[in-house]
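Take a look at the structure below.
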Amino acid sequence: MTTKNNIQLLTPAVFHILLALSSGERHGYGIMKQVEIDSQGKVSMGPGTLYGSLKRMLDAGLVIESDKRVDSEMDDERRIYYQITGIGAQALEAELDRYKRIVTIAQQRKLYPKTFAYDR
Amino acid sequence: MIDEPGIFHKLYKKLLTLYPRAFKEQLGESMEQTFNDLCRERYEAGGGLIGFVLLTFVDTLAGIIKENIKKENVIMVPILRNFGVVIISVIAAIAILVSTYLTKNLDSMWIILLIWSITWPLWEWWIKDKR
């Protein structure tokens, strides 16, 4: 989906993956766990959704694969890690700006008076 | 016991073979590892695996269908393009012949050619939009 200014809107899955990778590179399972933590358990994605999104993100240059290595906290299996790129960070920032603008509009229109009561 | 992770690992590996080759080569191994990690997590937590495995299989199957449709579209666009050229050309040729026969002059041929020159870029635009 694109806006009139041709800014790519991120799907919820892509947004959460970028957010998970913004604090450091992770393997697939690590991304899933971080998404669950970030969303307080409200968002969980299966491997099909995760890797389908990662494929599109790799193709779009939002993330890159890093070398395989062992996760010492798990087992001795070597895993591919994923890392956010400069383009990915820009896309995340643009999306967060968009959310911020939407929240500002919602506050101005008093759509969530109780939620934003502390701002007054 | 059916609730053993080993059985599901094998089944999941089989399921991953349904992805397009390029996708499988790039991400298949990571997907398998992630599935095994999730299964182990569930198993160690003492949770049943069947419900989780069913949901994961449905999610993966949806991904397989999506990736295969995407791949098919890449193949179908040139076929559609060639098919469109043939169909439009045949219709234009028949229209020219019929109108020439009915009117006994070639004036209507220019109208047909005009229609064809409008239809052709529209077809090209439509195909381009499908990519």
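Residue numbering restarts at 1 for every chain, and letters A, B, ... go by the order of the sequence lines. In this text, all values refer to a predicted model and were calculated from it rather than measured experimentally.
Using a 4.5 Å cut-off between heavy atoms, Y82(A) contacts chain B through its side chain alone, with no backbone atom that close. Neither the backbone nor the side chain of F52(B) comes within contact range of chain A, judged by heavy atoms closer than 4.5 Å. Neither the backbone nor the side chain of I31(A) comes within contact range of chain B; no heavy atom of the residue lies under 4.5 Å from a heavy atom of that chain. Heavy atoms closer than 4.5 Å to chain B are found in the side chain of R56(A), but not in its backbone. Proximity to chain A is absent for every atom of F57(B), based on heavy atoms less than 4.5 angstrom apart.
Interface check for chain A: of the options D37(B), L61(B), T56(B), T60(B), the most heavy-atom pairs under 4.5 Å are formed by D37(B). Residue with the most contacts toward chain A among A62(B), S30(B), G63(B): S30(B) (heavy-atom pairs, distance under 4.5 Å).
Side-chain contact check for Q26(B) versus L58(A): some heavy-atom pair is nearer than 4.5 Å. The side-chain heavy atoms of L62(A) and L92(A), taken from C-beta on, include no pair separated by under 4.5 Å. Side-chain contact between E32(B) and P47(A) is absent, with no heavy-atom pair separated by less than 4.5 Å.
Between D38(A) and the options K42(A), Q40(A), Q34(A), a side-chain hydrogen bond (donor to acceptor under 3.5 Å, both in side chains) holds for only Q34(A).
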Give the intermediate values and the outcome of side chain to side chain contact (heavy atoms under 4.5 Å, CB included) for residues E65(A) and L27(B).
CA-CA 10 Å; E65(A) 287 178 348; L27(B) 297 161; 4.2 Å; yes

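With a 6.0 Å radius and a threshold of 12 heavy atoms from other residues, nucleotides or ligands, D59(A) has its CG atom above the threshold.
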